[in-house]
Amino acid sequence: MPLLRRPDLPADRRDAWWAFLDSAELLEGGRRTLLGALPTWRVEPAPIAVGTTALRRAVADVRAWLPRWSVPEVADEHAACAAALDEADRRLDALERTAADTDELDHVLDEVRHLMDRLDAFADAEAAFRRRWRCPDHRSGPAPGGDAQEGAGA
């Protein structure tokens, strides 16, 4: 039985793909900053507000980019990401209140976990793009279907 191969990412969807990846990278930077502000046994963290502020800015910037990667083929995932950003704003408010009201790290970590779980909608959106098309990993690399191996370093 022959293997079915996903089609290459169409030229008219490349800008949407790159806008999506840029958004996801920006959001991931905000997530890492928040996680870096959490207390651990190894390091004295930055105030949690540093992390929540960074993630809140990332969420606002990513929201502004949503229209740039809105394509019908991933409309459901796009809507889920928009809803995740709205939920992130609410959860960031709750996280800041919880961090201010308690010394219980478990309560703070629960809020962070719920926040991060919801933002996984962006991983689902990436998977939807990749299920549908062969998407390039690097802008400077060959176009999908080129001679270089997929995933090779640029």
Side-chain angles (χ1 to χ4, degrees), residues 1-38 40 42-43 45-46 48-96 98 108-154:
M1 184 183 265
L3 292 175
L4 297 178
R5 185 172 165 185
R6 291 180 321 271
D8 290 343
L9 180 70
D12 66 340
R13 296 297 188 246
R14 288 189 183 143
D15 285 344
W17 170 244
W18 295 124
F20 168 76
L21 282 186
D22 288 344
S23 296
E25 184 177 318
L26 182 61
L27 188 61
E28 186 59 27
R31 287 169 58 143
R32 280 193 306 266
T33 302
L34 174 58
L35 293 173
L38 296 175
T40 66
R42 300 177 306 232
V43 179
I48 193 128
V50 170
T52 57
T53 298
L55 185 53
R56 195 177 300 279
R57 284 184 187 146
V59 164
D61 291 344
V62 168
R63 183 176 284 111
W65 281 59
L66 278 173
R68 294 189 58 198
W69 65 272
S70 178
V71 295
E73 296 88 350
V74 294
D76 291 342
E77 291 81 4
H78 185 274
C81 288
L85 294 174
D86 293 341
E87 180 68 15
D89 280 332
R90 288 188 292 276
R91 292 242 177 234
L92 282 164
D93 291 341
L95 173 59
E96 289 171 341
T98 299
V108 173
L109 294 178
D110 282 343
E111 289 292 339
V112 170
R113 186 183 79 252
H114 292 302
L115 172 64
M116 296 300 174
D117 286 349
R118 191 69 170 108
L119 291 174
D120 285 345
F122 281 82
D124 296 340
E126 180 176 358
F129 267 102
R130 291 185 184 277
R131 274 192 310 274
R132 184 162 190 88
W133 299 298
R134 287 175 22 96
C135 298
D137 290 326
H138 305 288
R139 287 177 215 243
S140 61
D147 292 337
Q149 287 182 315
E150 196 171 334

Side chain to side chain donor-acceptor pair (under 3.5 Å) with [X]: which residues, sequence neighbours excluded?
X	value
T98	none
E77	none
D61	none

Results of salt bridge (charged side-chain N to carboxylate O under 4.0 Å, His left out) for [X] - residues two or more places apart only:
X	value
E25	none
D76	none
D86	R63
R68	none

Interatomic distance, F129 atom CZ to C135 atom SG [nearest 0.5 angstrom]: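 Those atoms lie 7.0 Å apart.
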
Separation between CZ of F20 and CG of D15, rounded to the nearest 0.5 Å: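 One gets 15.0 Å once the value is rounded to the nearest 0.5 Å.
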
In residues 113-126, what donor-acceptor pairs under 3.5 Å come from side-chain atoms, sequence neighbours left out?
from	atom 1	to	atom 2	distance (Å)
R113	NH1	D110	OD1	2.9
D120	OD1	R31	NH2	3.4
E126	OE2	R130	NE	3.0
E126	OE2	R130	NH2	3.3

Worked verdict on R56 versus D89 for side chain to side chain contact (heavy atoms under 4.5 Å, CB included): CA-CA 7 Å; R56 195 177 300 279; D89 280 332; 4.2 Å; yes

Polar side-chain atom of S70 near backbone of P67 as donor-acceptor pair, under 3.5 Å: no

L34 and L95, any side-chain heavy atoms less than 4.5 Å apart: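 Side chain of L95 against side chain of L34, heavy atoms only: contact under 4.5 Å found.
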
Non-hydrogen side-chain atoms of L55 and T33 separated by less than 4.5 Å: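 A side-chain contact is absent here, since even the closest heavy-atom pair is not under 4.5 Å.
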
Under the side chain to side chain contact (heavy atoms under 4.5 Å, CB included) test, residues paired with [X] that sit two or more places apart:
X	result
R132	E73
T53	R57
A94	R97, E111

Taking all non-hydrogen atoms of both residues, which atom of [X] and which atom of [Y] are closest, and how far apart?
X	Y	result
A19	W65	O-CE3, 3.7 Å
V71	A16	CG1-CB, 3.7 Å
D8	W133	O-CD1, 3.6 Å

Residue pairs passing the ring-ring contact (aromatic ring centres under 6.0 Å, His included) test where at least one lies in residues 74-93, sequence neighbours excluded: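 Every ring-ring contact (aromatic ring centres under 6.0 Å, His included) pair that includes a residue of residues 74-93, provided the two are not neighbours, is W69-H78.
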
